[in-house]
Amino acid sequence: MSEFLDDIFNKISSGKSIFKNREVLNIDYIPKRILFREDQIKKIGETLSPIIKGAKPSNLLLYGKTGTGKTMVARYVINKLNDYIKDQNTIFVYLNCRIDGTLYRVLSEIGEYIGLKIPFTGLSLSEVEKRIFNHLVDKGIKLVLVLDEIDFLVNNPAKRDIGNDVLYDFTRYDSIYNKSGSNSFITIVGISNDLKFMEYLEGRVQSSLRSEEILFPPYTVEEIKEILKDRVKEAFVENSVNDEIINLIAAYSGSEHGDARRAVDLLRVSGELAEREGRDKIYEKDVQEALKNIEKDKVQEAISSLPIHEKAVIFSIATFPNGETTGHVYLKYQEICNQLGLQPLTQRRISAIINELDMLGLVTAPIINRGRHGRSKKVQLTVDKNQIVGTLKNDEIFKLLFNSI
DNA sequence: CTTCCACAGGAATAGGGGGTCC
DNA sequence: GGACCCCCTATTCCTGTGGAAG
């Protein structure tokens, strides 16, 4: 047992690492020079530049799919801009609306950034908003608010109205709320990878929010290669990653829609695999292995963090290799609940859970019409069944199910 | 051309858990 | 302590619907 560990640790400590600077491969690393995004950087810079003189820049929207560099570019420009700003009361706030989760948390986070203590629950949204605005007016703060994945504030039908209301208030702050002559303002930089995002926005919010729009196209495979080369130079010891490996990674990750984040991630994991074996070079098999690992980790993480009923549902789905209708999945689910001693939820709820699993990318659930046989969803696993079973075997409650078979 | 299946998915509601404010 | 707030899960009730079977 302990020789095992010694073995691993020895390899790492004695063998010289193939990494020179691992940090370069982190998701939130901002490189010193950014490739293939000059136009976007320029445009954002120009739009925001009035703030250097204390004037309000117009609002801004950044569009593009995942891994096209939106976040990185936004942060890059803001960091640079910060160097030019002497005014204590000019504040840049970056936050990710999806990670914060709810509108309330987004607001309280904003509050925190501008030096306001907002309890993490208990207040009404309008109260939080009022406090933020009052504080901004009092201190004369100039706020540039970068809202990453801003679509999360309005793409939830249940909360769409509230999301729109709050965004509207924020865009209106300068003219309505702040009439007392202080020169405080709010500029919003929205980032979205959902191109349908606009449909969720009410007209009144749209017009003020989208005064400037900047598109981030997917990277081409060639561009991804260049990006990878750039990172390799900084991150790895010389000669540990050759061009073939770079081409391979670029091909794997770029073919779909030019996702640079995925490419860099793949590079990092490949490197880690090679390092773990004490090698000084990345081989092709490392990349393949890394590809598998990334997928596996994602699935495992997604499933193990699921609530118990959702686990039961996905397990039910997993028993039908060719997809099944909601009704049959529900019957199977009830069966499983009985075996586990669980009170089954209603079908309505299961239907919603299936949709949630769909959103997580674990299943597909397109609606199908079977005429006389009604209308349903054809629910099918998109990941390997063995991964589901494997993960659930380690689950405290699901273990019972497998032991009894 | 009509029927009618097997659900989808919206709306209203409840309740429990987190809290603040006065 | 009471009024009130947000968040999330879940229930009940409901109306809507594409197309094979008749």
Side-chain angles (χ1 to χ4, degrees), chain A residues 95-112 114-135 149 151-170 196 199-200 202 302-317 320 322-338 340-360 362-380 397:
Chain A
L95 42 94
N96 186 311
C97 303
R98 183 171 56 83
I99 290 173
D100 280 337
T102 68
L103 196 52
Y104 190 95
R105 259 172 258 163
V106 169
L107 286 184
S108 64
E109 187 113 348
I110 293 172
E112 200 152 305
I114 61 174
L116 204 56
K117 177 100 184 68
I118 306 261
F120 61 90
T121 176
L123 298 179
S124 70
L125 279 171
S126 52
E127 173 67 22
V128 178
E129 199 183 283
K130 209 164 83 189
R131 289 190 190 188
I132 290 175
F133 288 169
N134 278 331
H135 186 79
E149 308 202 43
D151 40 298
F152 268 79
L153 296 184
V154 285
N155 71 359
N156 179 342
K159 295 171 207 155
R160 186 167 301 165
D161 293 345
I162 311 177
N164 269 306
D165 284 350
V166 171
L167 279 178
Y168 183 53
D169 289 346
F170 268 81
K196 284 190 306 185
E199 292 171 20
Y200 308 134
E202 285 171 24
I303 292 177
S304 55
S305 62
L306 248 33
I308 185 71
H309 283 284
E310 315 213 353
K311 282 179 183 160
V313 173
I314 199 156
F315 184 76
S316 314
I317 297 169
F320 302 110
N322 301 316
E324 254 306 346
T325 57
T326 307
H328 287 146
V329 168
Y330 185 59
L331 288 177
K332 185 76 197 176
Y333 156 80
Q334 284 179 311
E335 215 178 280
I336 289 164
C337 282
N338 281 336
L340 293 175
L342 241 58
Q343 180 72 35
L345 305 176
T346 56
Q347 183 163 333
R348 177 71 187 85
R349 179 65 190 137
I350 299 313
S351 178
I353 287 177
I354 289 172
N355 286 343
E356 283 163 32
L357 294 175
D358 190 353
M359 294 265 263
L360 288 173
L362 295 170
V363 305
T364 55
I367 296 169
I368 51 160
N369 281 292
R370 297 184 307 156
R372 256 293 145 88
H373 301 292
R375 206 165 178 260
S376 181
K377 279 183 288 207
K378 189 184 181 191
V379 194
Q380 195 162 8
I397 295 171

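Reminder, nothing fancy here: chain letters follow the sequence lines and each chain counts from 1.
Rounded to whole Å, the distance from CG on Leu331(A) to C1' on dC7(B) is 13 Å. If you measure from atom NE2 of His328(A) to atom P of dA6(B), you get 9 Å, rounded to the nearest angstrom. Regarding Arg105(A), its CZ atom lies at a distance of 15 Å from the C1' atom of dC5(C), rounded to whole Å. Rounded to an integer number of Å, the gap from CG of Leu306(A) to P of dC8(C) is 16 Å. In this structure, Ile353(A) places its CD1 atom 13 Å from P of dA8(B), rounding to the nearest Å. As a whole-Å value, the separation of Arg349(A) CZ from dC7(B) C1' is 18 Å. In this structure, the CD1 atom of Ile308(A) is 11 Å from the P atom of dA10(C), given to the nearest Å. Rounded to whole Å, atom C1' of dT11(C) lies 12 Å from atom CD1 of Ile350(A).
Residues Ser351(A) and Lys377(A) meet the side-chain proximity criterion, which asks for heavy atoms closer than 4.5 Å. Side-chain contact between Leu345(A) and Ile353(A) is present, with heavy atoms from C-beta onward closer than 4.5 Å.
Look at Thr325(A) and you'll find a side-chain N or O under 4.0 angstrom from OP1 or OP2 of dC7(B). Considering only side-chain N and O atoms, Lys377(A) lies under 4.0 angstrom from the phosphate OP1 or OP2 of dG9(B). Side-chain N/O atoms of Thr102(A) include one lying less than 4.0 angstrom from OP1 or OP2 on dC7(C). Taking side-chain N and O atoms only, Ser124(A) has no distance below 4.0 Å to OP1 or OP2 of dC4(C). One finds a side-chain N or O of Ser351(A) lying less than 4.0 angstrom from the OP1 or OP2 phosphate oxygen of dA8(B). Between Ser376(A) and dA6(B), a side-chain N or O to OP1/OP2 separation shorter than 4.0 Å is absent.
Each of Tyr104(A) and His309(A) lies near DNA chain C, and the nucleotide nearest Tyr104(A) is the one positioned closer to the 5' end.
Contact detail for Lys311(A) and Ile303(A): the closest heavy-atom pair is CE-O, 3.4 Å. The minimum heavy-atom distance between Gly327(A) and Gln347(A), with the atom names listed, is CA-NE2, 4.3 Å.
Checked for salt-bridge contact, Arg105(A) and Glu109(A) miss the test: no charged N lies under 4.0 Å from a carboxylate O.
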Run the numbers on Val379(A) and Glu324(A) for side-chain contact (heavy atoms from CB on, under 4.5 Å), then give the verdict. CA-CA 5 Å; Val379(A) 194; Glu324(A) 254 306 346; 5.8 Å; no
Could you go through the side-chain contact (heavy atoms from CB on, under 4.5 Å) check for Val106(A) and Val166(A) one step at a time? CA-CA 11 Å; Val106(A) 169; Val166(A) 171; over 6 Å; no
Can Phe315(A) and Tyr333(A) be said to form a side-chain contact (heavy atoms from CB on, under 4.5 Å), step by step? CA-CA 8 Å; Phe315(A) 184 76; Tyr333(A) 156 80; over 6 Å; no
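The neighbour count for Glu112(A) CD, taken as heavy atoms of other residues, nucleotides or ligands under 6.0 Å away, does not exceed 12. Within 6.0 Å of the NE2 atom in His309(A), the count of heavy atoms belonging to other residues, nucleotides or ligands exceeds 12.
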I need a per-nucleotide contact map over nucleotides 13-22 of chain B, read 5' to 3'. Cutoff is protein heavy atoms under 4.0 Å; write B for the base, S for backbone only, - otherwise. -----BBSS-
Summarise protein proximity over nucleotides 13-22 of chain C in one line of letters, 5' to 3': B for base, S for sugar-phosphate only, - for none, counting protein heavy atoms closer than 4.0 Å. B--BBBBBS-
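Across all strands shown, Leu125(A) has heavy atoms under 4.0 Å from sugar-phosphate atoms exclusively, and none from any base.
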